[in-house]
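Report on one structure; see the data block that follows.
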There are 2 protein chains.
Amino acid sequence: MISTKWALLIIPLLAERPVRNNEFLRLIDGVSQKMLTQTLRELERYGLVERIDYRTVPPHVEYRLTPIGRSLNLVLVPIDDWAEKNFPKLLTAQQDFDRRQESEASVRTKPL
Amino acid sequence: MISTKWALLIIPLLAERPVRNNEFLRLIDGVSQKMLTQTLRELERYGLVERIDYRTVPPHVEYRLTPIGRSLNLVLVPIDDWAEKNFPKLLTAQQDFDRRQESEASVRTKPL
DNA sequence: CAGCATCCGGATGGATACTG
DNA sequence: CAGTATCCATCCGGATGCTG
């Protein structure tokens, strides 16, 4: 359920405050309208997010975390912290790994 | 990084003990050899998982968590707990949601 | 046993145009 | 503003066959 590209970005945002459709599009880099709606519907479906339509013109819709959604966010916070803390390590590990792969590739490519 | 279909299933398994390729295939329902290798390589790439090749015949390869991987698992445990605890709620929420969708659909379909 | 290479259908997701 | 609908290229991932 959270093993999806955008859910882990949406939920922490909603933990701060209610967010509107266009705000998401601005705040989450790279998400398309389609994927945003799809993910929000999914989260709504599981009762994690509540969609509030003020039925005004022009439309005003906001999304909030439900109590269950909030309880999920609580266990997600440590992951954010972990990610922030370990990001540099992950990056260098990745670069090292890729460098190793490259050198092996060149061995296979130029066996002379 | 963990927003991928199999990573969240692989890591907790490795937290228990080292696991071999075929064990994964047996223990993780639905994973294919291709996806398993792909995910393991990815985790290895970030330095979360270590691949140990005993260089025997027949081959014996095992995967372990690195210290960083272990620290990640630590923050993942609460998610597992959360999931187990809230699964019933999520399920009924989902069913309710789907039922609501259905009734709305029938309104749109037969407007007489 | 571990895992790579290839093929291939179906799902995914972006772009665009449109609606209330 | 908040979406839906459609089109369509891309990618994902399963199945199969093969290798050391």
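Just so it is clear: chains get the letters A, B, ... in the order the sequence lines come, proteins before strands, and each one is counted from 1.
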Heavy-atom pair of closest approach, residues Ala15(B) and Asn73(B): CB-ND2, 3.2 Å
Work out which heavy atom in Ile68(A) is nearest to a heavy atom in Asn86(B); give both atom names and the distance. CG2-OD1, 4.0 Å
Rounded interatomic separation in angstrom, taking CG from Leu36(A) and P from dT12(C): 17 Å
Under 3.5 Å between N/O atoms: give me all the protein pairs with nucleotides 1-3 of chain C, atom names plus distance.
from   : atom 1 : to       : atom 2 : distance (Å)
dC1(C) : OP2    : Asn22(B) : ND2    : 3.3
dC1(C) : O3'    : Arg20(B) : NH2    : 3.0
dA2(C) : OP1    : Arg20(B) : NE     : 2.7
dA2(C) : OP1    : Arg20(B) : NH2    : 3.1
dA2(C) : OP2    : Asn22(B) : N      : 3.0
dG3(C) : OP1    : Arg51(B) : NE     : 2.8
dG3(C) : OP1    : Arg51(B) : NH2    : 2.6
dG3(C) : OP1    : Tyr63(B) : OH     : 3.0
dG3(C) : OP2    : Asn21(B) : OD1    : 3.3
dG3(C) : OP2    : Tyr63(B) : OH     : 2.9

Rounded distance (Å) that lies between atom C1' of dG3(D) and atom CD of Glu42(A): 18 Å
Give a yes or no on whether Val49(A) and Ile79(B) share a hydrophobic cluster (residues Ile, Leu, Val, Met, Phe, Trp, Tyr; joining criterion: side-chain heavy atoms under 4.5 Å apart). yes
Euclidean distance, atom CD of residue Gln38(B) to atom P of dA5(C) [Å, nearest integer]: 13 Å
Take atom NZ of Lys5(B) and atom C1' of dC11(D), then tell me their distance rounded to the nearest Å. 14 Å
Please enumerate all residues that pass side chain to side chain donor-acceptor pair (under 3.5 Å) together with Thr37(B), with sequence neighbours excluded. Gln33(B)
Return the value, rounded to whole Å, for the distance between atom CD1 of Ile52(A) and atom P of dG3(D). 12 Å
Nearest-Å distance for atom pair CE/P, residues Met35(B) and dC12(D): 8 Å
Any ion pair linking Glu23(A) and Arg26(A) (charged N to carboxylate O, less than 4.0 Å)? no
Does Thr66(A) reach the main-chain N or O of Leu48(A) with its side chain, forming a donor-acceptor pair under 3.5 Å? yes
Report whether Met1(B) and Leu9(A) are members of the same hydrophobic cluster (ILVMFWY, side-chain heavy atoms less than 4.5 Å apart, transitive linking). yes
A quick test of your reading: do over 12 heavy atoms of other residues, nucleotides or ligands sit less than 6.0 Å from CG of Asp29(A)? no
Val77(B), Ile28(B): one ILVMFWY side-chain cluster at the under-4.5 Å cut-off? no
Through what angle, rounded to 10 degrees, does the axis of the helix from dC1(C)-dG20(D) to dG20(C)-dC1(D) turn between its ends, using five pairs per end? 50°
How close or far is atom C1' of dA15(C) from atom NZ of Lys34(A), stated in whole angstroms? 10 Å
Here the distance between atom P of dG13(C) and atom CD1 of Ile28(A), to the nearest Å, is 14 Å
